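To start, the structure under review is shown below, and the notes come after it.
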Amino acid sequence: MKKNKKRTSAKLSSNDLVKLGFPSGKPLGTALNIVHTYYTDLGKKHQIELLQDVIAAPDQYELHTTLGPLALALIAHKEAEPIALKSEKQNYAVYGAEAIEQGAIDQMEIAMRLPVARAGALMPDAHQGYGLPVGGVLATHNAVIPYGVGVDIGCRMSMSIYDIHSGYLEKNREQLKKMLTDSTRFGNASFKRPMDHEIMERPEFSEIPVVRELKDRAFQQLGTSGGGNHFVEFGTVEIHDADNVFDLPAGKYLALLSHSGSRRLGANIAGYYTKVAIDACPLPKEAKHLAWLDLDTEAGQEYWLAMNLAGDYASACHHQIHERLTAKLGEAPMAKIENHHNFAWKEQDASGKEVIVHRKGATPAGKGVMGIIPGTMATPGFIVRGKGEAAAINSASHGAGRVMSRTQAIQTFSQPQMRKYLQKAGVDVIGSGLDEAPMAYKDIHQVMASQQELVDVTGTFYPKIVRMNGDAKYIEVD
DNA sequence: ATGTTC
């Protein structure tokens with residue numbers, strides 16, 4: 001049980017193994033597993049020598065008791081013929097191209113050349129991701145790409161609109177801040193006693209082996225928000241006209257908006273099935289992360305079920321977040337709106353053929369479909385109604401999109417600078433850090449202008465009290 | 001995004 005610290009630091013990392021030439025996927029995973037199971041007492045230098053011997057002549061280790069599986073994985077990898085990409089460049093629609101980084105465009109071009117790809121589109125908030133760019137939409141035939149869905153499966157937006165005049169917010173800032181602090185959990189924190197939810201009764205939790213192992217943690221994390229760009233916030237929402245699906249009179253209301261996903265459950269499902277896909281689907285290096293699962297295979301069916309479970313779980317988390325805060329407010333919402341933006345759907349293309357539409361950081365925007373496109377912690381978000389634009393595969397952006405990486409934002413901006421920006425916008429922030437500074441994002445108004453063909457704006461949300469992950473006393477502005 | 005282990 002008690003491990004000596006020195007020995008842990010001598011552990012080989014996956015990076016070390018990549019440097020030794022182990023291809024990621026099965027060979028890398030097997031090597032890590034074997035070396036950490038059987039050879040931890042050997043010392044780093046000897047571990048490296050041993051692995052170098054295996055990679056130099058795997059056929060000599062095929063029958064080795066502990067290294068045999070690694071040798072076989074290396075041989076299988078060498079023999080696997082990569083699946084060819086289409087050689088011709090494929091066309092797809094790009095919205096707001098002038099503000100999209102080249103890396104995202106390069107990734108989309110590769111995705112379009114997959115033999116299973118049928119159509120694609122790039123949303124105006126697009127930026128580089130793993131495999132498919134964030135803000136990328138890809139329709140495939142009978143195949144699902146785990147990294148086309150993304151790591152945070154079923155990540156979504158949820159809004160409750162209350163029949164409370166927006167003036168309530170200014171008069172009750174302190175109480176609303178306390179409600180957010182008491183009723184939401186970010187980062188590693190979870191509720192002492194999670195509320196029960198029927199999602200935990202789903203058969204997938206006992207029927208799918210990889211999901212079974214995640215059940216306990218999923219229960220602990222019910223109703224939590226995670227980290228990164230996730231938030232729970234109070235703000236005011238302006239309903240522009242009476243022509244909205246909620247039958248709300250035009251006006252200004254108090255609203256609650258949340259953004260989060262499927263926590264560890266979705267992340268681990270994504271990680272596991274990506275590995276399965278990479279093993280089953282050898283692709284050229286530049287397309288490796290776009291490995292797909294055929295929906296006619298057992299693994300493909302299993303991923304589909306697990307993905308849908310993770311999506312419903314993310315929804316359950318939002319429902320509990322809103323349930324807790326609604327109870328504190330003591331007023332039932334008069335309208336609710338929710339949409340996910342990291343998922344794959346079975347839809348029909350223009351010719352009526354079934355396609356699998358991956359939206360990785362893209363909002364469903366079929367004709368009449370309502371959605372929420374958030375800006376940043378200090379800029380407006382929008383309630384939108386889809387126009388059903390076929391060229392965009394019935395999609396729109398899922399936010400403003402970053403103009404700089406988290407690391408870059410932390411190096412570029414200062415605390416006083418961010419404080420000033422938030423003060424000017426009249427926004428209180430609990431938690432967060434400079435990586436989520438509004439200045440690190442594209443101008444949401446420009447992004448909306450780039451997608452006028454894709455959505456109509458029916459309401460505008462102004463964030464006022466925002467909670468994100470991070471040290472709660474770090475960026476409070478009052 | 002993620003108990004940061006690809």
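Since we're looking at a predicted model, the values are computed, not measured.
- Across all strands shown, A/G228 has heavy atoms under 4.0 Å from sugar-phosphate atoms exclusively, and none from any base.
- At a threshold of 4.0 angstrom between heavy atoms, the contacts of A/Y130 are confined to the sugar-phosphate backbone, with no base atom among them.
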Evaluation steps, side chain to side chain donor-acceptor pair (under 3.5 Å), between A/H230 and A/N469: CA-CA 7 Å; A/H230 289 171; A/N469 186 28; over 6 Å; no
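- Using a 4.0 Å cut-off between charged side-chain N and carboxylate O, A/R113 and A/E286 make no salt bridge.
- Close approach of DNA chain B to chain A, defined as any atom under 4.0 Å from a non-hydrogen atom of the protein, starts and stops at B/dA1 to B/dC6.
- Applying the ring pair (Phe, Tyr, Trp, His ring centres under 6.0 Å) test to A/F343 and every residue at least two apart in sequence or in another chain returns A/H340, A/W345.
- Among the protein residues, A/G150 comes within range of no part of the nucleic acid, since none of its heavy atoms lies under 4.0 Å from any strand.
- Partners of A/H289 according to the ring pair (Phe, Tyr, Trp, His ring centres under 6.0 Å) rule, which considers only residues two or more places apart in sequence or in another chain, are A/Y130, A/Y147.
- Within 6.0 Å of atom CD in A/E298, 12 or fewer heavy atoms from other residues, nucleotides or ligands are found, so the atom counts as exposed in its surroundings.
- Across the interface with DNA chain B, nearest-nucleotide mapping of A/K275 and A/D152 shows A/D152 to be the residue nearer the 5′ end.
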Stepwise side chain to side chain donor-acceptor pair (under 3.5 Å) check, A/Q451 with A/S397: CA-CA 8 Å; A/Q451 51 186 347; A/S397 89; 3.0 Å; yes
